[in-house]
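See structure below.
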Amino acid sequence: AWMARAAVRCSNGHAHRDAGPGEWRGQGDAMEVALDVFARRLGIDTDADRAALRPDARFPFDPRRRRMSIVADGEVVVKGAPDAVLPLCAPTDAGPVLAELTDRGLRVIAVAGRQVAGALPGSADEAERDLRLYGLAAMEDPPRPGARAALEACRRAGIDVAMITGDHPATAAAIADEVGLRRVDDLVTTGAELPADDAALGALLDRDGVVVARVSPEDKLRIACALRERGHVVAMTGDGVND
């Protein structure tokens, strides 16, 4: 319950009751809506908590930091990718649990925080330090039912398909396996491991079934441009504004 309440305070998306009786709708990011529903199921009045919240500072989600934070009521709360949050926390034994969850293809969020005494942090770096891990939240974000058939149709038409995602590489690989995008020996890499040279980047990714995880918006643009330089027509789709 402590983790759920903290996660909701450090979110913008939420569930709300629609006009019809018993009808609920999500507003904002689907992952944050799921966290809000989780908190409500634990008996937390998230509507009241959100109405009473008066943040002293907000540091929005950034695709490079892969986390966001809020300072309110003498507490810093941080929510984001585990590999972006856990290094800021006191040592924990969360590693094996994280590996088990990501290997199952689940999307995992780490929630952490600390009490603030004295002057308020003036920057994200000042706020997001000396944290205590509150917990890991794992969510299933299943592929659409027609994903496998769509991939098969693309390949019959001579279209190579790659997955370019911000998710953890183990999560991305598990989903790619589930929908038939990736074969056993196909490449799984991360944005940090991509070659700096655009020609080498294009040569590395010019194949079917590639999975590139933990990418930034700039990585996506570089990949598209590098493949175009090799004579390809490139199409990209996704749920982010940078897509």
* With Arg214, which of Thr189, Asp83, Asp219, Thr165 fulfils side-chain hydrogen bond (donor to acceptor under 3.5 Å, both in side chains)? -> Asp83
* Hey, are Asp125 and Arg129 close enough for a salt bridge, meaning a charged N less than 4.0 Å from a carboxylate O? -> no
* Return the set of residues passing side-chain hydrogen bond (donor to acceptor under 3.5 Å, both in side chains) with Asp49 (not counting sequence neighbours), or none when no residue passes. => Arg5, Arg9
* Asked: In terms of hydrophobic clusters joined by side-chain contacts under 4.5 Å, are Val234 and Leu201 together?
  -> yes
* Structure fact -> Applied to residues 168-181, the salt bridge (Lys or Arg N to Asp or Glu O under 4.0 Å) test, sequence neighbours excluded, yields Asp177-Arg182
* Asked: When hydrophobic residues are tied together by side-chain contacts of less than 4.5 Å, even through go-betweens, does Val215 share a cluster with Leu204?
  -> yes
* **Contact list for residues 134-153, test salt bridge (Lys or Arg N to Asp or Glu O under 4.0 Å), sequence neighbours left out** => Arg107-Asp141
* Asked: Between Leu42 and Leu53, is there a shared hydrophobic cluster once you connect ILVMFWY residues whose side-chain heavy atoms come closer than 4.5 Å?
  -> yes
* Structure fact -> When every non-hydrogen atom of Ala112 is compared with those of Leu133, the smallest separation belongs to CB-CA, 4.0 Å
* Structure fact -> Nearest heavy-atom contact between His168 and Ala213 is C-CB, 4.0 Å
* **Hydrophobic cluster identity match, Val210 and Ile223, side-chain contacts under 4.5 Å** => yes
* Pro60 versus Arg58, closest heavy-atom pair with distance -> CD-O, 3.7 Å
* To do: Measure from the side-chain N and O atoms of Arg67 to the backbone N and O of Val111, and report whether any donor-acceptor pair falls under 3.5 Å.
  => no
* Which atom pair, heavy atoms only, marks the closest approach of Pro82 to Val108? -> CD-O, 3.2 Å
* To do: Taking the side chain as every heavy atom from C-beta outward, state whether Arg25 and Gln27 have any atom pair closer than 4.5 Å.
  => no
* **Pairwise salt bridge (Lys or Arg N to Asp or Glu O under 4.0 Å) hits with a residue in residues 185-196, at least two apart** => Arg183-Asp186
* To do: Please check if Ile159 and Ile164 belong to a single hydrophobic cluster, counting links between Ile, Leu, Val, Met, Phe, Trp and Tyr side chain heavy atoms closer than 4.5 Å.
  => no
* Atom CZ of Arg64 with >12 non-hydrogen neighbours under 6.0 angstrom -> yes
* Given Val8, which of Glu32, Lys79, Arg50, Arg40 fulfils the side chain to side chain contact (heavy atoms under 4.5 Å, CB included) condition? -> Arg50
* If you measure from CG on Leu221 to CE on Met236, what distance do you get to the nearest 0.5 Å? -> 8.0 Å
* **Any Arg155 side-chain heavy atom under 4.5 Å of Asp208 side chain** => yes
* Measuring from Arg207:CZ to Leu227:CG, what's the distance to the nearest 0.5 Å? -> 11.0 Å
* Do Val116 and Pro121 come within less than 4.5 Å of each other through their side chains, counting heavy atoms only? -> yes
* Asked: More than 12 non-hydrogen atoms from neighbouring residues, nucleotides or ligands closer than 6.0 Å to CD on Glu75, yes or no?
  -> yes
* Asked: What residues join Met163 in its hydrophobic cluster, counting side-chain heavy atom gaps under 4.5 Å, either direct or through other members?
  -> Leu151, Val161, Ile175, Val179, Leu181, Val188, Val211
* Does Asp36 use its side chain to pair, donor to acceptor, with the backbone of Ala15 at less than 3.5 Å? -> yes
* To do: Please tell me if the side chains of Ile109 and Met31 come closer than 4.5 Å, counting only heavy atoms from C-beta onward.
  => yes
* Interatomic distance, Leu205 atom CG to Arg222 atom CZ [nearest 0.5 angstrom] -> 9.0 Å
* Between CD1 of Ile70 and CG of Asn12, what distance do you get to the nearest 0.5 Å? -> 8.5 Å
Do any side-chain atoms of residues 91-106 form donor-acceptor pairs under 3.5 angstrom with protein atoms, and if so which ones, sequence neighbours left out?
from	atom 1	to	atom 2	distance (Å)
Thr92	OG1	Ala94	N	3.2
Thr102	OG1	Leu98	O	3.0
Thr102	OG1	Ala99	O	3.2

* Structure fact -> Nearest heavy-atom contact between Met139 and Ala34 is SD-CB, 3.9 Å
* To do: Indicate yes or no: at least one non-hydrogen side-chain atom of Phe59 is less than 4.5 angstrom from one of Val78.
  => no
* Structure fact -> Note: Val71 and Ala127 closest approach over all heavy atoms is CG2-CB, 4.4 Å
